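Take a look at the structure below.
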Amino acid sequence: MHFCSLMALVCFIALWFRTPWACAVAYFGVLTASVQGLITPMLHDGFPSAAFFAFFIGHGLLLISALYLPAVLQWRARPWDDMRALGLCDAYLVFIIPVNIWLDTNYGFTRYAPAGTVLEYFGSAPWYLLTLQIPALALLRLLYLTVRVRKK
């Protein structure tokens, strides 16, 4: 139920079926949220455990998949694809909050910010989820500019 697990499914749909919504969510979701896992990994077992390799291989493949879409498959974002992707990512958070309360888990980091992550700089949980919308919007817009359909 981690966000990156959901992104793995979306990347599969995007690469296999090349549906525009999946391509957009895979590209924008991975490059804004899942890449944070590579920058600030949360691992219980360090190198050279199987969990360590699975984590970095999995997150690395997400990044490669997201970049493969525009670089190799020539996918281009439609207007507002970035905002639709943010809406779907936010829908995940809205869905996962009651699941976390029910199961006493922290999927999507909706209950507390793990130590050493960028979330610590955006306030206390769950309010940092709202605060993060502003830099997310800016980053998504910048990413959109790199893959938008250009007029000739």
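Since the model is a prediction, treat every value here as computed from it, not as a measurement. Residue numbers start at 1 and run along the sequence shown.
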For L62 and C4, the nearest pair of non-hydrogen atoms, with its separation, is CD1-O, 3.7 Å
Exactly one of I39, T32, L38 clears side chain to side chain contact (heavy atoms under 4.5 Å, CB included) with Q36, and that residue is I39
OH of Y128 to OG1 of T110, rounded to nearest 0.5 Å, is 6.5 Å
Contacts satisfying side chain to side chain donor-acceptor pair (under 3.5 Å) that involve residues 59-80 (not counting sequence neighbours) are R78-D81
Original post:
Is any side-chain heavy atom of R111 less than 4.5 Å from a side-chain heavy atom of T105?
Top reply: no
| said: I'd like to know if I57 and L6 are part of one continuous hydrophobic network [Ile/Leu/Val/Met/Phe/Trp/Tyr, side-chain heavy atoms within less than 4.5 Å]. | reply: no
CG of L69 to CD1 of I64, rounded to nearest 0.5 Å, is 12.5 Å
- Are V72 and L63 connected, step by step, through hydrophobic side chains (Ile, Leu, Val, Met, Phe, Trp, Tyr) whose heavy atoms are closer than 4.5 Å? yes
query: Should L31 and F3 be regarded as members of a common hydrophobic cluster, given that ILVMFWY residues are connected when their side-chain heavy atoms come within less than 4.5 Å of each other, either directly or indirectly?
result: no
Would you find a donor on one side and an acceptor on the other, under 3.5 Å apart, between the side chain of R148 and the backbone of L145? yes
Between the CG atom in L88 and the CE atom in M83, the distance rounded to the nearest 0.5 Å is 12.5 Å
- Task: Evaluate whether atom CD1 of I134 has more than 12 neighbouring non-hydrogen atoms of other residues, nucleotides or ligands under 6.0 angstrom away.
- Result: no
- Message: If hydrophobic clusters are built from ILVMFWY residues whose side chains come within less than 4.5 Å, do F55 and L9 share one?
- Response: no
Above 12 or not: heavy atoms from other molecules or residues under 6.0 Å from CZ of R18? no
Of all heavy-atom pairs linking P79 and Y144, the shortest is CA-OH, 3.4 Å
Test item: R84 side-chain N/O and V25 main-chain N/O as donor-acceptor pair under 3.5 Å = no
query: Heavy-atom distance under 4.5 Å between the side chains of L86 and D90, does that happen here?
result: yes
*Determine, using the 4.5 Å side-chain heavy-atom cutoff (strictly less than), whether M7 and L15 are members of one ILVMFWY cluster.*
no
Taken to the nearest 0.5 Å, the spacing of Q133 CD from L93 CG works out to 7.5 Å
- [ ] Run the numbers on F28 and V147 for side-chain contact (heavy atoms from CB on, under 4.5 Å), then give the verdict.
- [x] CA-CA 10 Å; F28 294 115; V147 294; 4.2 Å; yes
Nearest heavy-atom contact between L43 and A51 is CD2-O, 4.3 Å
**Message:** Looking at F12, I want to see if its CZ is surrounded by more than 12 non-hydrogen atoms of other residues, nucleotides or ligands under 6.0 Å.
**Reply:** yes
What one should report as the nearest heavy-atom pair of A22 and V10 is O-CG1, 3.4 Å
For residues Y92 and Y107, determine if any side-chain heavy atom of one lies less than 4.5 Å from a side-chain heavy atom of the other. yes
Distance col, row C89:SG vs L132:CG, nearest 0.5 angstrom, shows 12.0 Å
Answer yes or no: is there a side-chain heavy-atom contact under 4.5 Å between T146 and Y27? yes
One should read off an interatomic distance between I13 CD1 and T19 OG1, to the nearest 0.5 angstrom, of 6.5 Å
### More than 12 heavy atoms of other groups within 6.0 Å of Y112 OH
no
Heavy-atom closest pair (G46 atom, F52 atom, distance to 0.1 Å) is O-CB, 3.8 Å
Here the salt bridge (Lys or Arg N to Asp or Glu O under 4.0 Å) pairs for residues 35-59, sequence neighbours left out, are none
Find out whether M42 and F109 are in side-chain contact, i.e. whether some heavy atom of one side chain is under 4.5 Å from a heavy atom of the other.
-> yes
In terms of heavy-atom contacts, A14 and A26 come closest through CB-CB, 4.1 Å
